[in-house]
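Report on the following structure.
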Amino acid sequence: MSEPVLRTEGLTKRFGGLTAVDNLSISLASRRVHAIIGPNGAGKTTFFNLLSGLLSPDGGRVFFRGQDITGRKPHEISRLGIKRTLQVKSVFPELSVADNLWITRQARNRFLHPFRPAASDLEARSHVARTLEQTGLAGLASRPAGTLSYGDVAMLEIGMAVISEPSLLLLDEPTCGMSPAETGRAVAKIRDLARTIDIVIIEHDMDVVFGIAEDITVLAQGAILASGSPAEIANDERVREAYLGRPEDEDFVEEAAHA
Amino acid sequence: MTRRYIEIGVAMGVAAFLIAVPWLIPALTDNFWVSVITEILIWSLFAASVNLLFGYVGLLSFGQALYFGFGMYGVALGIDHLGLSFWPAFGFGIASAMAMALVSGVFAVRLSWHYFAIITVVFSLIFYFLAVSMKPLTGGDDGINFSLPPVFRFGRMVWSLTDPTFQYFFVLAVVSLCFFLMYRVINSPLGKGFLAIRDNDLRASLIGLNVYVLRLIAFVMAGFLAGVSGALFAFFGRYASASYMFYQVSGEGVVWTIVGGAGTMFGPLVGTTLFIVIREIVSSHWEHHSLIVGLLAILAVIFAPKGIVGLWNGWMMRLDERDAAVSPAMTLQADP
């Protein structure tokens, strides 16, 4: 078995009295699409924030392809090739769609030229044109990103992740707020990306999760509740109880019993 | 298309006016207005330094007067104490302003919004009081006067700023060059990085931009612009004074920028022109002319949040849309 793309050892993050991520040790194999699911407040986004450097852990370590990246700054982690999208869609609202992609591409370089006209960079421009085509945003290229529909912004976020050519992509609820048609387009795009990029996805839409993921980890209260293949997870009693909830009629029976 | 013609027309009109000033103004009105326009050009560069930070990087600095003051004192002390000639003194002023911006920027750009605004004020106040108290060196509020060294000397030919026409063109050339440099930076990859940070600094760090370093670069560049304007103002007034380091001066730069249009290339020039012209016309008749400044600032913030240039851009955009709506109909008519 090859080296895991991402590994954490005893990762812990507390907010005051609340332990959001609790002694989490996880190992994600390379070349697999990995989904992280769990009820609200399970610590999924906090886990992503620890991986991408937005938060530093109170304990434990994070290894990316064997390299210890614990406590590094977000831009340093980004330059290693770990890119992420945010749960609340986050782009550069006053820049055009094309410029959003362009600066994301440019940010891979250490040096931003202070005097050369930005428009003269042909390599970046051809990448922008290709990504616009791939994400179906070509018709909106010159529109300020802040004026796009929510689904288009979500698509732009995926485009921004793609154009930076990541080696590991962390997607935080990428299809949240998308129409069914847009969700289909996004799922197809993510599947396409998964052939070359390692992907970890947080998602609430179970159709998306079971449509994309090869491995699933279920978090509850900051710890791993279960992990395994989609089939194993779907049949796991504990997962059903903690996450999917008991069937409503059982609740009803219980309520009736207590009445 | 209409938009392009109008904008080229306005640009050429303004350029022609600025070049013709030394002959046009004496023909039309008092000579004194040539020096008012010189002063407007210098202060517009100061406003541009506020604009670079606020309009393009999203950092609202209330302390740019500090770097203006360092530019001023760099020139005055360079000439008066160190015996430098014109160009070394000019360079010394700009370098002092940039060095000061680097030192305070290292601390200030870690913060954003009101914390950033407060720390910039604090820095400028500290150095204001230092400058006032170090009277033997700085002259305090009275300032220090110096006599101008010549700008160029070729044999017996001497060009000096004591000639008002030469002074005007010298200031026009330096200010134009600085605006050109700023234009280049804003449209470069670095400038796009600035805009990305202004729009969403969290996202900017996630795509791999080093927000801290880029903000620091912008802060030092703004220190350069403020330093050049301070150095020019020292040459223009032949003196330097601690009173120009007071935060009221910084505040004026912010008001000029916001009313003129933050985040637009020429907003600061428009805002500075408006307020200095108002000051020159009104202040001789009415001592409370700053009331007009306050009123205009409030009106601008409410009715033109992107300033005067922002309003103009809005009109031009509508003109574009009208053109786009009209032109297909026109081609139809032209078809037999």
Side-chain angles (χ1 to χ4, degrees), chain A residues 48-49 51-54 72-86 88-96 98-121 124 144-146 153 156-157 160-161 163-166 169-170 172, chain B residues 52 54-58 98 109-110 177-222 224-225 261-264 305-306 310 313-314 317 320-321 324:
Chain A
F48 267 20
N49 286 344
L51 298 183
S52 55
L54 292 183
R72 295 231 192 146
K73 298 242 166 53
H75 71 267
E76 293 169 341
I77 291 176
S78 174
R79 283 190 183 147
L80 291 174
I82 304 179
K83 304 286 172 175
R84 73 171 286 192
T85 66
L86 292 166
V88 176
K89 298 295 164 264
S90 170
V91 294
F92 304 114
E94 287 188 43
L95 299 186
S96 70
D99 275 354
N100 266 271
L101 293 169
W102 190 92
I103 187 64
T104 309
R105 176 78 194 171
Q106 278 295 315
R108 299 164 77 244
N109 304 339
R110 246 163 202 290
F111 177 68
L112 295 174
H113 200 289
F115 294 114
R116 197 182 56 191
S120 69
D121 190 336
V153 172
L156 174 59
E157 271 223 337
M160 287 163 74
I163 200 168
S164 54
E165 293 179 6
L169 186 54
L170 308 174
D172 196 345
Chain B
L52 176 64
F54 181 55
Y56 293 100
V57 195
M98 290 174 79
V109 302
R110 287 183 186 282
L177 179 68
C178 287
F179 268 98
F180 174 71
L181 284 177
M182 182 166 158
Y183 172 83
R184 287 300 292 257
V185 168
I186 294 308
N187 289 288
S188 74
L190 181 67
K192 299 263 187 195
F194 288 167
L195 294 178
I197 289 171
R198 177 197 68 185
D199 266 18
N200 188 343
D201 55 349
L202 174 72
R203 186 81 215 159
S205 70
L206 286 176
I207 65 172
L209 295 175
N210 191 336
V211 174
Y212 175 74
V213 167
L214 289 185
R215 278 182 173 158
L216 186 59
I217 291 171
F219 200 78
V220 174
M221 283 179 167
F224 168 82
L225 292 175
T264 63
K306 291 187 175 170
N313 285 341
M317 212 108 85
D320 266 358
E321 280 161 18

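When reading the values below, keep in mind they use all heavy atoms of this one structure, side chains included, and skip hydrogens, waters and symmetry mates.
Nearest heavy-atom pair, E157(A) versus R203(B), reported as atom, atom and distance to 0.1 Å: OE2-NH1, 3.4 Å. Minimum interatomic distance between S78(A) and G208(B) (heavy atoms only, all atoms of both residues): OG-N, 3.1 Å.
In this structure, the side chains of R184(B) and P117(A) come closer than 4.5 Å at one or more pairs of heavy atoms. Proximity of D99(A) to K192(B): side-chain heavy atoms (C-beta onward) are separated by under 4.5 Å at one or more points. Counting heavy atoms from C-beta on, the side chains of V91(A) and N200(B) never come closer than 4.5 Å.
In terms of non-hydrogen atom pairs under 4.5 Å with chain A, the most contact-rich of V185(B), L206(B), L195(B) is L206(B). Chain B forms more heavy-atom pairs under 4.5 Å with one residue of A145(A), P74(A), S90(A), G146(A) than with any other, namely S90(A). Chain B forms the most heavy-atom pairs under 4.5 Å with one residue out of E94(A), Q106(A), R79(A), and that residue is E94(A). Among the candidates I82(A), L95(A), L80(A), T85(A), the residue making the largest number of heavy-atom pairs closer than 4.5 Å to chain B is L95(A). Your options are A161(A), S52(A), A107(A), and the one with the most heavy-atom pairs under 4.5 Å with chain B is A107(A).
With S188(B) contributing its side chain and H113(A) its backbone, the two residues share a donor-acceptor pair below 3.5 Å.
Neither the backbone nor the side chain of I217(B) comes within contact range of chain A, judged by heavy atoms closer than 4.5 Å. For a residue to count as touching a neighbouring chain, one of its non-hydrogen atoms must lie under 4.5 Å from one of that chain's; by this rule N210(B) touches chain A with backbone and side chain alike. For I77(A), no part lies near chain B; criterion is any non-hydrogen pair under 4.5 Å. Residue I186(B) does not touch chain A at all, counting heavy-atom pairs closer than 4.5 Å.
Annotation: the span from Y212(B) atom OH to K73(A) atom NZ amounts to 9.5 Å, rounded to 0.5 Å. In this structure, F115(A) CZ and N187(B) CG are separated by 12.5 Å, a value rounded to the nearest 0.5 Å.
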L209(B)/L112(A) under side-chain contact (heavy atoms from CB on, under 4.5 Å): CA gap, chis, key distance, verdict:
CA-CA 10 Å; L209(B) 295 175; L112(A) 295 174; 3.9 Å; yes
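Among residues at least two apart or in separate chains, ring-ring contact (aromatic ring centres under 6.0 Å, His included) pairs with a member in residues 179-206 of chain B are F179(B)-F266(B).
Listed by chain and residue number, R108(A), E123(A), A124(A), H127(A), I163(A), E165(A) satisfy the side-chain contact (heavy atoms from CB on, under 4.5 Å) test with R105(A) (two or more places apart in sequence, or in another chain).
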